[in-house]
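Note sheet for the following structure.
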Amino acid sequence: MSKYIFITGGVVSSVGKGITVASIGTILKSRQITVSVQKLDPYLNVDPGTMSPYQHGEVFVTQDGAETDLDLGNYERFIDVNLTAESNVTSGQIYSAVIARERRGDFLGGTIQVVPHVTNEIKERFKRLAQKSQAEAVIIEVGGTVGDIEGQPFLEAIRQMRNDVGRDNVLYIHVTLLPYLTSTQELKTKPTQHSVNELRRIGIQPDVIICRSDYPISEGIRDKISQFCDVDKQAVIPLPTVSTIYEVPLLLEEEGLGQLIVDKLSLKSHQTDLSQWQELVRCLKEPREPVNIALVGKYVELKDAYFSVREALYHAALYHNRDINLIWVHSEDLENDGSEALLRSAQGIIVPGGFGLRGVEGMIKAASYARNNEIPYLGLCLGMHVMVIEFARYALDSTKPNSTEFDPSTPYPVIYLLPEQRGVENKGGTMRLGNYPCQLVDGSQAANAYRDSLVYERHRHRFEFNNQFRNLLEEAGMVYSGLSPDGRLVEVCELANHPWMVSCQFHPEFGSRPGRPHPLFRNFIGVSKEILREGAQPPLPLSS
Ligand code: GLN
């Protein structure tokens, strides 16, 4: 039977609970314990697919096509697993399921209530994941902060689990923040005490408290938290802010959290091997020459909107023993005259995914700049649409080519709605989602990157390349280097007369891992690092 580790958050949100959860997965996996992970999101949306990136950050897509919280991306990268739809549960899904059963008549005669009907449905999801994954440890993160109204049914469900599966099979970990007061120069434990009280009020006594803070945590503070919150001193785990998120598993291991979990849950464990992580962190901390990469998008104010893209860039840079100097370019700013200056120092340009008209002309300008100045370009989904539109405008010598997403009446709809998307009215969960095969063309940049001929990649889109324009653009120099196995859908395209201008209809960023960069990102950085731009010149050789 699986053991359950429940993780709650206290005091404030955004303290890195997701990274902490992912890191706990890493340290358990490093002991050869099999792990699965689940994120519980208290909002009423069925999934984050319909939410603005400004509200929610990136939407992470699993191989089986679920649109999920970006924490799942961290879980995948840290634990090196491919998760499925079962790993993200929202209140929206829970209530929809309960209400659908009520309409079907499953509870005939009964009054449907939060306890037990909603909580039973939640617990069902825990057990379903345990069953499906057969993992020895299932780590479940409750989104939000203890005390939130929407989070109550989830907390009640995790409380009940202690009785359902036995107290030796569940562990409660609470992640809090210790704020620092500049006036008295000390870390304060009171908010942690309050949030533990709040947990206790609903019947949960944490076994472990992980304390996030921007400053070192003294023994005295640990003693105090241990005493006031009634937790063993060695179960008060300090987690100061670190320069790279990949260091968190090492810190938690150093503080003895791995052994503590193994002991408390009587898990069968092997010797810990975190050598790969130690090596990764050592490399990340070494000074490396940066590669200037411009990320041109319309949500750049919120860096989380491009979480996986940014991570994939860092993984690729590390492979080449380089760092990334990420230049965030707001695509709307590129629409102004003279704005090309924003791209002046870019050794590579990346246009990631996105939806809607705003900022698209700026992205097209970035693609044009990359093509004309022979700057490496990587287009991801919308970034491919942008590259195709730009190239069609050049090939046809017209400003009219467009995607019907942005100009429904364009005479040259080079990107248009997928046939299976026509007539689809509902917005939620109706895109072309998840893994699809892609056949690569020998000798192309894409095939050279992958060193493979058939690959599977994750999709999330409604629009695609319009085959009516295939020949025309091919004659002008576009290469269709990746196609669906039936040849019908353009999955990857690139330019023949350019050092490296490659775009894909899918999202390779979701498959990148630390230590195993995605091939397209790897080669994109490999070519970019050789490009000389203003501010990126290597030092002159010293004369003897
Ligand atoms: N808006 C485009 C589409 O729906 C691109 C989507 C994306 O970049 N993920 O096809």
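Just so you know, ligand 1 is whichever comes first in the structure, and atom 1 is the first atom listed for that ligand. Hydrogens, waters and symmetry mates are skipped; everything else that's a heavy atom, side chains included, is used.
Between E141 and K17 a salt bridge is recorded (basic side-chain N to carboxylate O distance below 4.0 Å).
Every residue was checked against the side-chain hydrogen bond (donor to acceptor under 3.5 Å, both in side chains) condition with S52, not counting sequence neighbours, and none meets it. Scored by the side-chain hydrogen bond (donor to acceptor under 3.5 Å, both in side chains) test, T26 finds no partners at all (sequence neighbours excluded).
S503 places no side-chain N or O within 3.5 Å of a backbone atom of M387 that could act as its donor or acceptor partner.
Ring planes of F60 and F510: perpendicular class, angle over 60° (limits at 30 and 60°).
Applying the salt bridge (Lys or Arg N to Asp or Glu O under 4.0 Å) test to pairs two or more places apart or on separate chains, those with a residue in residues 76-98 are E76-R458, E76-R513, D80-R513, D80-R516, E86-K132.
Within 4.0 Å of ligand 1, contacts by protein heavy atoms are made from G353, G354, F355, C381, L382, H385, E405, R460, H461, R462, F463, H507.
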